[in-house]
*Asks:* 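Below are the C-alpha cells for one structure; questions will follow.
Lettering of chains follows the sequences in order, A, B, ..., and the numbering in each one begins at 1. For clarity, every value in this text was computed on a predicted model and none was experimentally measured.
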Amino acid sequence: MQSFSIFPFEPPGDVQALRQEVRAFIAAHMPQTAAAGRANCWSVADARFSRSMGEAGYIGMVWPKCYGGHARHPLERYTVLEELLAAGAPVAMHWVADRQSGPLILRYGSEELRQRIVPGIARGETYFCIGMSEPGTGSDLASVRTQGVRTKEGWRINGQKVWTSGAHYSQYMIALVRTGEGSERHGGLTQFLIDMSSPGITVRPILDLVGAHHFNEVFLDDVLVPDSMRLGEEGGGWAQVTAELSLERSGPERYLSSYVLLVEFIRQAGPAPDAATRALIGQFTAELWTLRQMSRSTAAKLAAGQDPMLEAAVVKDLGNSFEQSLPRRILAGIGGLADLSDASELMSVLALLLQISPSFSLRGGTREILRGIIARGLGLR
Amino acid sequence: MMGETQQLLRETADRLFRDLAEERTLDFVRLWQKLDETGFRSLLVAEADGGFGGNFRDVAAVLRLAGQHALAAPLAEAMIATYLLHKAGWPVSDDLVTLAAGSEGRLEGNLFSGTLRAVPWGERAGLVLAEVEGGLILLPRDKATQVTTTANPAGEPRTRLVFANVPALVAPATGDLLLLGAFSRSCLIAGALDGALARSIEYANSRVQFGKPIGKFQAVQQALAVFAEEAAAVNCAAEAAALALDRGDGRFEVACAKIRASSAAAMGVATAHQVHGAIGFTAELGLHHLTRRLTSWSGEFGNERWWAEELGGLVAALGADQLWPEITRRG
Ligand SMILES: Cc1cc2nc3c(=O)[nH]c(=O)nc-3n(C[C@H](O)[C@H](O)[C@H](O)COP(=O)(O)OP(=O)(O)OC[C@H]3O[C@@H](n4cnc5c(N)ncnc54)[C@H](O)[C@@H]3O)c2cc1C
C-alpha cells in the first residue's frame, strides 16, 4: 500500500508560456488593490474582471467551442486558475459557474439549455449560485426538504436555501430539490436550474461576521420551473451532486486562500530575516509546496479520467488546515509588538484572514465530513 | 510510467525487507551480506560502471519499502555514499561505506583531524564519507583513534569517530551529502508512515471495545484520517523531491520534503501509539520498530528546524514576489 503516489502533471503545449500569458493578462486587467483585497480572492466579485477573463478565453476553457468554450486541456485550465489565485485576482463572480455549474449543464442539460446558457458563462456574463444548504440541511445534505411538485408544464418549487454565496448577483441557481413524494434521504432528489428572476424568489442578504455581504438566504415560494430546466434524471440528483462536490473540492482554491498573507509576511521579513522568521518562512513554504504537488497530482488524475475522490478530500482538508492556520501562526510568529489595527499591508490582510479563516474548513464540506470520507476510504466505515 | 526493471526492483526489495523484518535477531554481518547481494548500494551508479543505472525515483521506491518494513541497516547510507564515491571518481570496494551526518574538525592538505558524529553503523564500516569545511572526505574507519558507539532512539548504532592527522581522499564540497541524507530520511519516513498507518487501521478494525471494533468510533476514525493525510503528504513530497533530483537540482524540494516529513513523523508516532493502546507499547508487538525509527529519522540529517531555516533563508533572499515564480518554475 502506498498512501499517495504522484501522477504526472503534463498539460499539452508550453506551460511556462501559458503562465507568462496569464501573468501579462493579470498585470493588464486586475485592478490595483491592497493585500486585504486580494486575500481569499475567489470570494471577491468583480464583473468587469470576469468579463475580461471571458474575453481572454479563461472561462469555460475545457468546454467545446460550440458552446463558447475553448477546448483546452483541464491542466491548462488548472494552470490558469493557480496563477489567478496566487495573484489574488477577483474571480468570485464567475467561479461557481466555471467550476461546477457549466460542467453540470453540459453533462446533464438538454441541448437547448446548453446552447442558451453556457456561452454566456464562458463570456463571463452569466453567473451561478449553489442551492444545496437549507436551514435544516448542512452537512447532512441528504436531508434536503425544498420540494418540487409536478405541474402540467413542469414543476412548482417551494422551500428555502441558505448560505447561498452570490445569490444576489447570480442569474441562475442550481438547486437540489426533493421531488419524490414521501422520499427520504438519497432517493427522490433532483437538480434544477432556476432562473433567479422567476416570480416567487426572494433573496435576502446575510452579512458575514465582518459585515460583508457574501452569502444569502433564498426563499422559493411557488416558483414555477419548466421541465426543460431539470438537470438529469428525476431522482438522480444525489449522484450528480456527489460528482459536483468532487469538482468543488479538488481545485487549487482549497489551499491558496491565504497565499497573499504569506507573500506580505515574507516582504515584511526582508531579504535576511532572523533565524526564527526564516524557520517560519521555511515551514510555510514546505507546506505550500507539498500541497501544490498534491493538488496538481490530484488534478492530473481527474484529467486522466480517474475519480480521485479520496485524494480530493485529503487535499481539501490539508489545504484548508494550511490556509486556516497560516494567519494564526503568522500572528504568533511576528516579532515586536504586533498591532492588528495597523493599516499596513501585512497587518490589514492578517487581521482580515484571522477573522474569516474559520470559514475555510466549513465551506464546501466541513473538516469532519471530509475526514469521514477519508475514513471510509481507509476501510474504517 | 514504471518499467519492468523498476517493477522487479520494487518486488525484490519488498520481499527481502519483509523477510529481514521477520528475523530481527539476525546477526548484522549476515544481514548486510543478504542486503548487499542485491546490489542495491549501486542503484545510482551507471550501468556502464557496473551499477544498476537507476535514478532517484528508484531510490525513493526502495527506501520507502525499507521504511515500511523498518529495515535495520545502513542501506540508504551505502547507496548515497557509493553514488558520491563514483561522482568523485574514487574507487569503490566491497567494504561497507557509511555517511557522517555531522562533523567538526579541520583539513590540512589531505590530513583530517576532528570528529565525525552519529555515524550510522560506524563500527561496522570500512569507510566513512563526510563533508567537512573544505571538502568531501573519505576516511578509513580503522584509522580513528577513538570509536564510541551509542544508539539512536531506534536502538540503531551511531558511532562517534575521532581522527588525528589521518590522510583522506578529498573532493570539493557540494552540500550533496547532507542533502541526499535528508532525502533518504524523507523517503524512509514516507514508507514508515504508510507502514504504521496500515498497522493502525488493521488494528482499529480488529480490536473490540464497548462491543464493536474501535475503528467504528468517530474519534478514532478522524485521528486515522489525519494520519492518512500526513502520510499522503510525505509520500507525495518525497516522490516530488526525487523527481527534482532526477531533473538535476533538488535543493529546494529536498528541504521541503524533509521539513514536511519530520513534522508528519511526530504526528504519526503519536497517533499510531494512541490507536494501539498498551499493546503498542510492548517490545513484542513490534510497532516500535517503525515508530522509534520515525522519531530517529525525523532528527537525522537536519531536523525540521534546520531545514526550515535553510529554506526560509533561501526564500527570503529571493524576495516575496519571487516565491510563486520560483515554485512554478521548478515544476
Ligand atoms: C462562506 C461560506 C459559503 C457558503 N456558500 C454556500 C453556497 O453557496 N451554497 C450552499 O449550498 N452552501 C454554502 N455554504 C454552506 C456550507 O456548505 C455548510 O456550512 C456546510 O455544509 C456545513 O453545514 P452547516 O453550516 O449547517 O453545519 P452543520 O452541518 O450543522 O455542522 C456543524 C458542526 O457539526 C459537525 N458535524 C455535522 N455532522 C457531523 C457528523 N456526522 N460527524 C461529525 N461532525 C459533524 C460539522 O463538521 C461542524 O463542525 C457556505 C458556507 C460558508 C461558511
*Asks:* Decide if atom CE of A/M347 counts as having more than 12 heavy atoms of other residues, nucleotides or ligands within a radius under 6.0 Å.
*Replies:* yes

*Asks:* Picking from B/V315, B/L314, B/L323, what satisfies side chain to side chain contact (heavy atoms under 4.5 Å, CB included) with A/I281?
*Replies:* B/V315

*Asks:* Could you measure the distance from the CD atom of B/E229 to the CG atom of A/L318? Nearest 0.5 Å is fine.
*Replies:*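 The distance works out to 4.5 Å.
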
*Asks:* Need one label for B/L243: side chain, backbone, both or neither, based on atoms under 4.5 Å from any heavy atom in chain A.
*Replies:* side chain

*Asks:* Taking side chain as everything from C-beta outward and backbone as N, CA, C, O, which of these in A/L291 sits under 4.5 Å from a heavy atom of chain B? Side chain, backbone, both or neither.
*Replies:*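 When you check distances to chain B, no heavy atom of A/L291 falls under 4.5 Å.
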
*Asks:* Quick one: closest heavy-atom pair of B/L311 and A/G282, and the distance?
*Replies:*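 In this case the closest contact between B/L311 and A/G282 is CD2-O, 3.4 Å.
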
*Asks:* Just wondering, do A/Q283 and B/E304 contact through their side chains at under 4.5 Å, heavy atoms?
*Replies:*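 Yes, side chains in contact.
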
*Asks:* Mind checking the SG-CD spacing from B/C236 to A/E311? Nearest 0.5 Å is all I need.
*Replies:*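 One finds 10.0 Å between SG of B/C236 and CD of A/E311.
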
*Asks:* Over all heavy atoms of both residues, which pair between B/D194 and A/S3 is shortest? Give the atoms and the distance, please.
*Replies:* OD1-OG, 2.7 Å

*Asks:* Can you tell which part of A/R19 gets under 4.5 Å to a heavy atom of chain B, answering side chain, backbone, both or neither?
*Replies:*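 The side chain, not the backbone.
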
*Asks:* Just wondering, do A/E368 and B/Q222 contact through their side chains at under 4.5 Å, heavy atoms?
*Replies:*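 Yes - at least one pair of side-chain heavy atoms lies under 4.5 Å apart.
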
*Asks:* Donor-acceptor pair, distance only, cut-off 3.5 Å: does the side chain of B/E239 make one with the backbone of A/S5?
*Replies:* no

*Asks:* Is the CD atom of A/E21 crowded by more than 12 outside heavy atoms at less than 6.0 Å?
*Replies:* yes

*Asks:* Which region of B/P325, side chain (C-beta onward) or backbone (N, CA, C, O), has a non-hydrogen atom less than 4.5 Å from a non-hydrogen atom of chain A, or is it both or neither?
*Replies:*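 Both the backbone and the side chain of B/P325 come within 4.5 Å of chain A.
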
*Asks:* Below 4.5 Å from any heavy atom of chain B, which atoms of A/L280 appear? Answer side chain, backbone, both or neither.
*Replies:* neither

*Asks:* Contact part of B/E253 toward chain A, heavy-atom cut-off under 4.5 Å: side chain, backbone, both or neither?
*Replies:*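 Looking at B/E253, backbone and side chain both touch chain A.
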
*Asks:* Other residues, nucleotides and ligands only: do more than 12 of their heavy atoms fall within 6.0 Å of CD on B/E202?
*Replies:* no

*Asks:* Using non-hydrogen atoms and a 4.5 Å limit, figure out which bit of A/A269 sits close to chain B: side chain, backbone, both or neither.
*Replies:*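 No part of A/A269 comes within 4.5 Å of chain B.
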
*Asks:* For residues A/A375 and B/A225, report the shortest heavy-atom separation together with the two atoms involved.
*Replies:*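 So the minimum-distance heavy-atom pair works out to N-CB, 4.4 Å.
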
*Asks:* With respect to chain B, which residue among A/R278, A/R381, A/Q293 yields the maximal number of heavy-atom pairs within a distance under 4.5 Å?
*Replies:* A/R278

*Asks:* Counting only heavy atoms closer than 4.5 Å, note whether A/F265 contacts chain B via side chain, backbone, both or neither.
*Replies:* neither

*Asks:* Check whether the side chains of B/T328 and A/R23 place a donor and an acceptor atom closer than 3.5 Å, and report yes or no.
*Replies:* yes

*Asks:* To check you understand the geometry: which heavy-atom pair defines the closest contact between B/L224 and A/L378, and what is its length?
*Replies:*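 That closest heavy-atom pairing would be O-CD1, 3.7 Å.
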
*Asks:* Give the minimum heavy-atom separation between B/A308 and A/A279, together with the two atoms involved.
*Replies:* CB-O, 3.3 Å

*Asks:* Go through the atoms of A/A276 and report whether side chain, backbone, both or neither lie under 4.5 Å from a heavy atom of chain B.
*Replies:*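 For A/A276, backbone and side chain are both near chain B.
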
*Asks:* With side chains defined as the heavy atoms from C-beta onward, is the minimum distance between B/D321 and A/R267 less than 4.5 Å?
*Replies:* yes

*Asks:* Find the one option among B/A232, B/G331, B/G313, B/A237 whose heavy-atom pairs under 4.5 Å with chain A are most numerous.
*Replies:*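 Option with the greatest count: B/A232.
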
*Asks:* Say you draw a straight line from OG1 of A/T290 to CG of B/N235; how long is it, rounded to the nearest 0.5 Å?
*Replies:* 11.5 Å

*Asks:* Check B/A228 against A/I374 and note the closest heavy-atom contact, atom names and distance.
*Replies:*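 Scanning both residues, the minimum pair turns out to be CB-CG2, 4.3 Å.
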
*Asks:* Hey, what do you get for CD (B/E309) to CG (A/D274), rounding to the nearest 0.5 Å?
*Replies:*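 One finds 9.0 Å between CD of B/E309 and CG of A/D274.
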
*Asks:* Tell me which of these, A/E287, A/Q16, A/R296, A/R292, has more heavy-atom pairs under 4.5 Å with chain B than the rest.
*Replies:*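 Of A/E287, A/Q16, A/R296, A/R292, A/R292 has the most heavy-atom pairs under 4.5 Å with chain B.
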
*Asks:* Counting only heavy atoms closer than 4.5 Å, note whether A/E82 contacts chain B via side chain, backbone, both or neither.
*Replies:* both

*Asks:* Answer yes or no: is there a side-chain heavy-atom contact under 4.5 Å between A/V263 and B/W324?
*Replies:*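 Not in contact.
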
*Asks:* At what distance, to the nearest 0.5 angstrom, does OG1 of A/T285 lie from CD of B/E326?
*Replies:* 10.5 Å

*Asks:* Taking the six-membered ring of A/W289 as reference, does the NZ or CZ atom of B/R260 fall below 6.0 Å from its centre and within a 45° cone about the axis?
*Replies:* no

